[in-house]
Q: 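Here's a structure for you.
The first residue of the sequence shown is numbered 1, and numbering continues consecutively from there.
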Amino acid sequence: MNLKAMAAEIMEEGFNPKTDAVGDDFENLPDGEYDGILTNVSWRTNDKGTEWLSFEFELLNEGYENRKYFGNIFFSNEKMMQLNLKRAMKTASILDVELEIDDFEDTDALVEKLKEGAGNQCLLELKTNKKGSFQNWEAKEDLGFGSVDENDIPF
């Protein structure tokens, strides 16, 4: 389908560009656990100087196919830097990436090292804060379907 035909279809469906929302692609996912595959890692900086590490995941859960989730770790102030460095290290470990101190020498080196985890799967746990203004995320080890901890075996 070409652009003109697609635009005509959208307008025929009643889309009003002055008042209608474009879509819900950027709304938070419902809180819970999702299976994701790491597809990319990047270092981002906005015009105010805030810096963050962005992990891009493709979701695998039914109903969320072809949807991406961006797990961001912010480095906007020194107070949060220690906590968020630990989060970055933990996320790397979950994605089977072994970080070394030299990998933190600069952001380009860190991103390139973290990209080694592309294609690896993990469990993403999403929780919205009490105010409902921000959704936190945590990467967890994905034990896979039917995985059993040997301590859970009753005999």
Side-chain angles (χ1 to χ4, degrees), residues 6 10 15 17 20-155:
M6 180 64 74
I10 290 170
F15 177 72
D20 292 346
V22 173
D24 60 0
D25 290 344
F26 298 106
E27 289 183 11
N28 284 345
L29 294 162
D31 287 359
E33 293 183 338
Y34 298 86
D35 295 307
I37 292 179
L38 182 68
T39 56
N40 197 18
V41 179
S42 59
W43 187 267
R44 312 288 303 233
T45 305
N46 69 12
D47 57 356
K48 295 179 182 176
T50 301
E51 297 180 288
W52 67 96
L53 190 57
S54 182
F55 292 84
E56 180 181 314
F57 297 95
E58 182 177 326
L59 299 182
L60 304 174
N61 302 73
E62 186 175 333
Y64 297 98
E65 302 92 342
N66 301 318
R67 178 124 184 223
K68 294 191 181 288
Y69 179 79
F70 293 89
N72 298 317
I73 299 176
F74 290 87
F75 296 95
S76 53
N77 63 51
E78 286 194 34
K79 180 180 177 183
M80 296 299 293
M81 190 173 294
Q82 186 176 38
L83 173 68
N84 286 339
L85 278 170
K86 290 178 182 178
R87 288 185 68 220
M89 291 175 188
K90 179 75 173 180
T91 301
S93 176
I94 298 290
L95 295 166
D96 294 326
V97 175
E98 293 185 32
L99 291 175
E100 297 180 11
I101 296 302
D102 288 343
D103 295 322
F104 292 94
E105 187 169 335
D106 64 55
T107 57
D108 291 336
L110 179 59
V111 166
E112 286 309 307
K113 183 67 174 187
L114 290 169
K115 284 183 177 182
E116 291 177 10
N120 291 343
Q121 187 172 335
C122 69
L123 194 63
L124 298 169
E125 181 178 46
L126 309 181
K127 291 182 185 176
T128 303
N129 68 358
K130 291 178 184 177
K131 294 180 183 179
S133 59
F134 186 79
Q135 190 172 52
N136 293 303
W137 71 281
E138 182 179 351
K140 295 184 169 190
E141 188 173 350
D142 186 358
L143 299 176
F145 180 75
S147 295
V148 177
D149 183 335
E150 64 185 46
N151 296 321
D152 291 337
I153 298 173
F155 47 87

Q: For L123, is there any backbone N or O sitting under 3.5 Å from a side-chain donor or acceptor partner on E33?
A: no
Q: Please enumerate all residues that pass side-chain contact (heavy atoms from CB on, under 4.5 Å) together with E116, with sequence neighbours excluded.
A: V97, K113
Q: Name the atoms and distances for all side-chain donor-acceptor pairs under 3.5 Å in residues 51-65, with sequence neighbours left out.
A:
residue	atom	partner	partner atom	Å
E51	OE2	W43	NE1	3.3
S54	OG	N72	OD1	2.9
E56	OE2	T39	OG1	3.0
E56	OE2	K68	NZ	3.1
N61	OD1	D35	N	2.7
E65	OE1	G63	N	2.9
E65	OE2	G63	N	3.4

Q: What distance do D142 atom CG and I37 atom CD1 have between them, rounded to the nearest 0.5 Å?
A: 9.5 Å
Q: Could you tell me the separation between the NZ atom of K140 and the SG atom of C122, rounded to the nearest 0.5 Å?
A: 11.5 Å
Q: Look up atom CG in N136 and atom CD in E125, then write down how far apart they are to the nearest 0.5 Å.
A: 10.0 Å
Q: Got a second to check how far Q135's CD is from Y69's OH, nearest 0.5 Å?
A: 5.0 Å
Q: How long is the span from the CG atom in L38 to the CG atom in N120, to the nearest 0.5 Å?
A: 7.5 Å
Q: Hey, could you give me the NZ/OG1 distance between K130 and T128, rounded to the nearest 0.5 Å?
A: 13.0 Å
Q: Check residues 86-94 and write down every donor-acceptor pair under 3.5 Å in which the side-chain atom is one partner and the other belongs to a residue at least two apart or another chain.
A:
residue	atom	partner	partner atom	Å
R87	NH2	W137	O	2.8
T91	OG1	R87	O	2.8

